[in-house]
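Within every chain, numbering begins at 1; the chains are lettered A, B, ... in the order of the sequence lines, protein sequences first and strands thereafter.
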Amino acid sequence: MSKDEPSQPTASAATDRTPRYSPAEIEPRWQALWDAQADLYAAEPPTSGKQKYYVLEMLPYPSGQLHMGHVRNYAIGDALARHMWMRGYNVLHPMGWDAFGLPAENAALKNNTPPRNWTLANIAAMRGQMKRLGLSYDWQREVATCVPDYYRWNQWFFLKMYQRGLAYRKNSKVNWCPQCATVLANEQVVNGCCWRHEETIVEQRELEQWFFRITQYADELLRDLDKLDGWPEKVRTMQRNWIGRSEGATVDFSVIPKDEDRRGPRYAPVQLNLTETMLQPTPDREKITVFTTRIDTIYGATSLLLAPEHPLVAQFSADSPELQKKIRELLEEQKTAKEKGDLAALAKEGVATGRFAIHPFTQEAVPIWVANYVLMDYGTGAVMSVPAHDERDFEFAKKFGLELKIVVLPRHANEGENGNAEPLLPYTHQDSLLINSGEFTGLGCQEAQQKMAAFAQQHGFGKPSTTYRLKDWGVSRQRYWGTPIPMIHCDKDGLVPVPEDQLPVLLPDSIAITQEGGSPLSRVPEFAQVACPKCGGMARRETDTMDTFVDSSWYFYRYADPKNSRAPFDADTVAYWFPIDQYIGGVEHAILHLIYSRFWTKMMRDLGLVKNDEPVEHLFTQGMVVKNGAKMSKSKGNVVSPDDMIAQYGADATRMYALFAAPPDRDLDWQEDGVAGISRFLSRVYRFAAQAMPRVIAGRSLSLPSSLNPLERQLMRKLHQTLRRLTQEFDGRWHFNTCIAAIMELVNDLTADEKAIASGAVEDSVLYAIARNLVLMLQAFAPYLSAELWQQMGEDAQLLRAPWPAYDEALAAEHVLEVPVQINGKLRAVVTVPAGSDGEVLRATADQDPKIQAALAGKEIVKVVLLPGKLVNFVVR
RNA sequence: GCCCGGAUGGCGAAAUUGGCAGACGCAGCGGACUUAAAAUCCGCAGACCUUAACCGGUCGUGGGGGUUCAAGUCCCCCUCCGGGCACCA
């Protein structure tokens with residue numbers, strides 16, 4: 001790193017007359033003072049009667065090191081918290097640690113340290129970094145998810161959910177990361193690879209797993225997105241896609257038993273002589289249920305397609321090794337494509353089973369195929385193929401020469417009245433009319449969908465149905481460093497929940513972390529062997545631990561009442577603080593963390609614990625911090641360490657740069673020269689303040705003069721314009737970069753007139769007003785320097801709770817305006833008029849301008865656009 | 001393929017309601033201070049044309065079209081970059 005960087009005060013600086021800005025001296029001094037005041041940033045109790053404001057930044061994983069993304073995240077939250085304090089709110093601004101999880105075990109393997117020690121040491125280190133940054137957290141509310149005081153409530157919630165059937169166990173195919181040697185949730189699989197190991201392909205394994213029934217809330221999670229108008233539309237859309245609700249219908253097709261099979265030409269549907277009994281699906285007749293969103297196209301269904309894993313496939317292929325082989329190939333193709341994440345690119349393949357099913361609307365026989373593009377884990381694992389009206393089916397049918405039946409026509413088919421004009425296939429639009437569809441012919445698609453689903457329901461072979469992409473939340477992890485699932489397996493009594501009064505189920509401390517697969521806890525007999533709470537007999541403890549997303553789904557409730565030993569939190573206290581007014585974090589949590597948190601809140605509401613339907617009122621997703629256009633990463637070697645920045649330029653400059661370099665919602669390119677620039681700015685502020693300080697102090701006890709001289713007026717105007725800018729930005733779009741630029745402009749104005757100010761051209765009282773407000777504005781961005789100057793000014797009230805000054809619109813207003821004068825929309829002159837001048841004055845002033853007179857000479861004025869205070873535009877010929 | 005962002009000087013950006021494009025900062029250049037350098041302070045600074053210089057002019061917000069007295073901003077089409085989703089039936 002740069003050893004001989006500027007801005008560190010040197011010994012020679014001491015000889016200068018004006019003191020130098022030295023964050024290395026100021027910041028630790030204030031840090032020590034703040035640290036000694038435990039309740040400096042403490043929220044007041046709900047009884048304070050004040051309006052509450054809950055500002056929250058996403059809790060970090062205690063990796064041991066803050067990165068710049070954290071610094072940015074916390075600088076945003078801290079600026080907001082400090083501002084809201086000054087606005088008089090009762091602010092809750094807590095911080096904690098997402099302290100369970102795999103890295104602790106990996107570190108244990110590598111360094112031979114217990115995960116607990118490693119984690120706690122990391123927390124201590126990062127807490128120190130946060131304190132050095134001067135962040136205004138209420139540390140008395142600090143929560144670490146790995147302590148029994150916290151995770152016991154995970155277990156408590158688990159039991160409540162188990163009682164209500166929201167936590168259940170099922171045998172399921174799971175995503176298995178061979179690197180992690182554990183199960184991943186669907187959400188943790190990215191392009192077929194582990195979200196932590198981007199190179200590691202996730203395998204499918206069959207395991208008994210615990211699940212949370214989040215799908216029970218799928219509809220509400222979707223519906224309530226509409227209420228979250230304080231959330232970015234982008235996040236809401238991502239969640240909508242993730243939930244993936246589709247409305248449609250299920251339809252049952254009866255499989256024609258092998259012995260009744262009467263084939264027509266191989267791929268053409270054949271009209272069968274069907275008896276009444278054959279039409280009715282009966283228990284002894286196999287059914288294939290398909291899910292479709294386009295039941296209106298069902299008359300165009302010319303085959304059924306099964307997923308390779310569909311249960312009936314094995315039966316259909318039982319006596320044909322050749323068929324079995326082909327189906328295995330299809331399955332293999334699908335699996336590989338899935339693992340690679342490019343399912344969409346997979347070439348369509350399939351094979352006819354040789355069996356047929358009865359189309360419930362036409363009573364025709366349709367062939368049953370197995371296709372590699374039909375997925376077992378969506379819908380019913382079987383689809384009806386409508387080649388004329390579905391892209392994929394069209395491609396498939398073309399490839400295998402399957403029949404194609406047009407049953408939907410564009411509403412305005414160009415030629416031929418009775419629908420002779422053939423649409424371009426596949427025709428998938430829904431603003432269309434049905435043909436060749438029996439009694440439904442002539443209906444519009446939408447109407448047909450209703451009627452045909454109802455028809456299917458009346459006749460007992462189908463019903464309207466809704467399917468979701470969202471799956472239940474698999475929470476089992478075969479890892480050590482997590483919340484033990486509080487269940488016991490007894491040979492006699494089956495699954496037995498750990499009685500509530502025996503919580504927490506403590507994670508054993510002494511455990512050898514090895515690379516062996518399977519759950520580490522199962523190798524700790526003291527833990528795994530337990531008496532059955534029901535029969536007292538020998539039983540086995542559940543050795544899976546919970547996904548860490550459980551921890552982060554409700555931690556923000558615990559902040560409201562962090563020491564409660566009788567309940568996860570007090571309901572009334574939570575009712576006061578919730579919902580969170582502002583949540584700030586990276587967009588990478590738009591789906592996982594935020595959808596689980598929403599689910600958890602709804603679940604707790606149904607348990608009667610909270611009253612709010614949603615945890616977060618306003619969500620803000622900040623942009624990434626990049627360096628040279630690339631995401632910071634060790635492999636790219638472009639990581640900038642916050643510690644280095646603080647050592648080099650101070651915490652104030654570091655965090656202020658993080659807010660200055662770009663608006664918070666955009667990506668930010670970290671440029672160290674920029675931090676140096678902020679540091680220079682802070683030096684200028686400090687130097688100006690030091691020079692002005694005696695007069696600022698003198699001005700404290702004086703009242704403002706009844707009339708201001710021109711310089712005073714000019715400076716006060718700038719001050720109030722700056723106050724206005726900050727007030728509006730904090731209320732609205734949070735473009736702190738322009739706030740800081742505005743403060744810089746104010747300071748530039750002050751230093752430009754420094755000599756005049758020093759020689760008394762500005763009254764002490766005015767100077768005091770400006771200096772005081774400057775410090776108030778700076779506080780949200782540079783708390784250390786602000787505290788220092790505040791103290792030097794002799795203020796004894798607490799800076800954090802000093803009231804935010806209301807800007808004075810009259811003082812902020814310019815009394816002389818510069819108005820552009822255009823000719824045919826091109827700038828030709830700028831004229832100066834008194835504020836409030838009407839159009840006539842403006843016109844007259846413009847007419848008198850020599851440049852304008854010259855430009856207008858000999859031209860015919862067609863029109864004059866006169867906007868008082870804004871613009872003159874002569875339209876000429 | 002679908003959805004959502006974004007594109008403005010050498011660089012990060014600003015322009016909040018359609019009204020002076022480039023505030024503020026970085027880097028750069030010139031000057032002051034200094035024996036010198038650093039630091040600091042003052043000044044210049046979109047591109048091009050014209051001029052000895054001033055003055056002046058033209059172009060300019062990814063590209064093309066449109067609306068308007070007036071477009072970075074509104075409308076239509078396109079390109080590129082980033083992110084999300086993706087045989088979801």
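The aromatic rings of A:F400 and A:F396 lie tilted to each other, with the angle between the two planes from 30° to 60°. The aromatic rings of A:H429 and A:Y427 are tilted relative to each other, their planes meeting at an angle between 30° and 60°.
Base-pair partner of B:C80: B:G6 (Watson-Crick or G-U wobble, both distances under 3.5 Å). The partner of B:G60 is absent, by the rule that a Watson-Crick or G-U pair needs both atom distances under 3.5 Å. B:G22 is unpaired under the criterion used here, namely a Watson-Crick or G-U wobble arrangement in which both key atom distances are under 3.5 Å. Across all strands shown, the partner of B:A32 is B:U40, judged by Watson-Crick or G-U wobble contacts whose two distances both fall under 3.5 Å.
Counting atom types as modelled, A:K234 pairs no side-chain N or O with a base atom of B:C3 as donor and acceptor under 3.5 Å. For A:N241 against B:C85, no side-chain N or O and base N or O form a donor-acceptor pair under 3.5 Å.
Syn is the classification of B:G9, since its glycosidic angle stays within 90° of 0.
Around atom NZ of A:K399, more than 12 heavy atoms belonging to other residues, nucleotides or ligands sit under 6.0 Å away.
Residues A:A382 and A:R725 each lie close to RNA chain B; by heavy-atom proximity, the contact nearer the 5' end of the strand is made by A:R725.
Within the nucleic acid shown, A:E391 has no heavy atom closer than 4.0 Å to any nucleic acid atom.
For A:Y657 and A:Y649, the gap between ring centers reaches or exceeds 6.0 Å.
Using P as the reference atom, B:G57 and B:C41 are 36 Å apart when rounded to the nearest Å. One C1' atom belongs to B:A39, the other to B:A45, and the distance between them is 23 Å to the nearest Å.
One finds a side-chain N or O of A:R392 lying less than 4.0 angstrom from the OP1 or OP2 phosphate oxygen of B:C88. Residue A:R733 has a polar side-chain atom (N or O) positioned under 4.0 Å from OP1 or OP2 of B:A15. A sub-4.0 Å separation between OP1 or OP2 of B:A14 and a side-chain N or O of A:R666 is present. Between B:A89 and A:T380, no contact under 4.0 Å exists linking OP1 or OP2 to a side-chain N or O. Here A:N873 does not reach the OP1 or OP2 of B:U68: none of its side-chain N or O atoms lies under 4.0 Å away. A close approach under 4.0 Å does occur between a side-chain nitrogen or oxygen of A:R680 and OP1 or OP2 of B:C26.
You'll find that the side chain of A:Q822 is closest to B:C20, out of B:C20, B:A13, B:C24. Closest to the side chain of A:E745, from the set B:C69, B:G84, B:A23, is B:A23. When distances run from any side-chain atom of A:F660 to the nucleotides B:G19, B:G12, B:C69, the shortest one goes to B:G12. When each of B:C87, B:C3, B:A14 is scored by its nearest atom to the side-chain atoms of A:N737, the top-ranked nucleotide is B:A14. In this structure, of B:A13, B:C87, B:C20, it is B:A13 that holds the atom nearest to the side chain of A:P663. Distances were taken from every side-chain heavy atom of A:K851 (C-beta onward) to each of B:G56, B:A39, B:C87; the shortest belongs to B:G56.
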